[in-house]
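Side chains included, hydrogens not; waters and symmetry mates left out as well; all remaining heavy atoms used. In what follows, chains are A, B, ... by sequence order, proteins preceding strands, each numbered from 1.
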Amino acid sequence: MKRNTWILGLLAIVVAIMLVAPRFVKHRPKTSFSVDAKGQAAPEFVLKDINGQQVKLSDFRGKAVVLNFWATWCPPCKTEIPWFEDLAEKYKDQGLQVVGVALDDASDEDIAKFAREMKMNYPVLLGKEETSDLYGGVQMLPTTFYIDRNGKITDHVLGLVSRKEIEENAVKALNTKTEVPASEARAPKLEKEKAR
Amino acid sequence: MRKPALIVFLLLMAAVAFAQDGPPSVSFQSATPVVVAPGRTSQVTMVFKVGDGFHINSNKPLDELLVPTEVKLSPPTEIMISRINYPAGQKLSFPFSPDTQLSVYSGEFKVTAAVRAAQNMPAGTFRVHGDLKFQACTDRQCFPPKKIPMQFDVKVEKAKRSRRG
């Protein structure tokens, strides 16, 4: 009787390991990127944009980057997009670059159509699972990384936050001291009246 | 004697919960027992539960870009599934877009379908496998479309002999 219990127990443990193991093997992002991304170097990627052009993160070297992962099926993402458009326009002369990465099941054409309809005035890239993996496995949308002019992540925000918080994070990324000489690196000030 | 078995059971349950991919936003609860005679049609009701704090799009979301909730069933060849019927979604607005209404399910919802057994079907119990595809959000964030498995059994009765006068 006792022997049967232990055999049963052993069997249960084996089944448990079989259930748990795929979580660590199959879905583990292929990156050393940790969940607490602050201070880490933003991983380089090369993706096509909605116009078919290849875009690298390093193309924006010397600029502060707001890297926003979104999808067409994500209503909170849709809420944020006009805020990013305003941000891109307001801080472009001070060296801010907004970049959208679509992590989507929709076709490339539908993503492009969505971007046109939303009047997205910043690069919209067609994301891949590997891109998500590079950034620690983007499990929920929207997810936004704020990257300073030196390519270091200053903030990592999951989910929708207020327009004010988005602007504060972008300004923080712009104001972070950089090792890269950038003639346009004027310290921007948060225009509080517009941020509300 | 009972203690090791209990520990093993708890360990197994913890492993099953931990092995789920992503948040446990939707679960398959149950399906009504289906008993059908060959050549006849019965109905199954499948019950799902959306976790607290989550909502998923209804089968007819109000925006074409949103992912509709869908049940896909793969019955054995002699069982036909038709008329999959979804409940109407609740029309709600959320803090992320207060001016827009979405058609969603939250809490418990039921999907029904007609189940027909072929005329020549032998008596027995047959399992129908399937999955529920959905895309879940909270008030602040959304999760990629996901499928969860589900199943129910169809008991096919013995064919009744027709009486001859």
Side-chain angles (χ1 to χ4, degrees), chain A residues 1-24 26-27 69-83 102-107 110-111 113-114 117-118 127 129 132 137-144 157-162, chain B residues 1-25 53-58 61-70 92-104 133-147 149:
Chain A
M1 198 68 171
K2 195 174 178 184
R3 194 180 163 195
N4 285 347
T5 307
W6 281 107
I7 290 170
L8 188 71
L10 193 66
L11 191 69
I13 290 166
V14 169
V15 171
I17 290 167
M18 284 167 70
L19 285 165
V20 172
R23 186 181 180 90
F24 295 101
K26 192 177 168 190
H27 298 295
F69 289 91
W70 64 281
T72 55
W73 44 255
C74 166
C77 304
K78 205 173 167 180
T79 301
E80 281 188 342
I81 287 169
W83 302 345
L103 292 177
D104 217 301
D105 290 347
S107 69
D110 283 345
I111 294 168
K113 187 179 165 212
F114 179 91
E117 283 173 1
M118 291 295 292
E129 200 176 329
S132 161
V138 178
Q139 295 292 323
M140 60 187 78
L141 298 175
T143 288
T144 306
V157 178
L158 303 175
L160 175 72
V161 291
S162 70
Chain B
M1 177 58 188
R2 281 185 182 173
K3 261 188 180 176
L6 183 68
I7 290 165
V8 166
F9 177 75
L10 290 174
L11 186 71
L12 185 61
M13 290 300 104
V16 169
F18 193 64
Q20 301 298 313
D21 191 15
S25 52
F54 291 93
H55 63 267
I56 63 175
N57 298 312
S58 74
L62 302 178
D63 184 330
E64 63 176 13
L65 290 168
L66 301 181
V67 180
T69 293
E70 280 178 333
L92 298 175
S93 14
F94 292 89
F96 52 72
S97 186
D99 302 328
T100 311
Q101 281 203 323
L102 299 178
S103 172
V104 301
K133 185 183 179 186
F134 63 92
Q135 189 269 303
C137 292
T138 68
D139 285 356
R140 288 184 59 234
Q141 59 216 16
C142 291
F143 299 85
K146 188 176 173 181
K147 284 179 185 175

>> Using a 4.5 angstrom heavy-atom cutoff, name the option from Pro76(A), Ala106(A), Pro142(A) with the most pairs to chain B.
In response: Pro76(A)
>> Quick check on the structure: residues of residues 133-142 of chain B within a heavy-atom distance below 4.5 Å of chain A, by number.
In response: Gln135(B), Cys137(B), Arg140(B), Gln141(B), Cys142(B)
>> Tell me the closest heavy-atom pair linking Phe143(B) and Trp73(A), and the distance in Å.
In response: O-CZ3, 3.5 Å
> Under the salt bridge (Lys or Arg N to Asp or Glu O under 4.0 Å) test, which residues partner Asp63(B), sequence neighbours left out?
Replying inline: Lys78(A)
> Among all residues two or more places apart in sequence or in another chain, which pass the side-chain hydrogen bond (donor to acceptor under 3.5 Å, both in side chains) test with Thr69(B)?
Replying inline: none
Indicate every side-chain donor-acceptor pair of residues 92-104 of chain B with a distance under 3.5 Å to a residue at least two apart or in another chain.
| from | atom 1 | to | atom 2 | distance (Å) |
| --- | --- | --- | --- | --- |
| Ser97(B) | OG | Thr100(B) | OG1 | 2.9 |
| Ser103(B) | OG | Ser58(B) | OG | 2.7 |

> Between Leu65(B) and Thr72(A), what is the shortest heavy-atom contact and its length?
Replying inline: CB-O, 3.8 Å
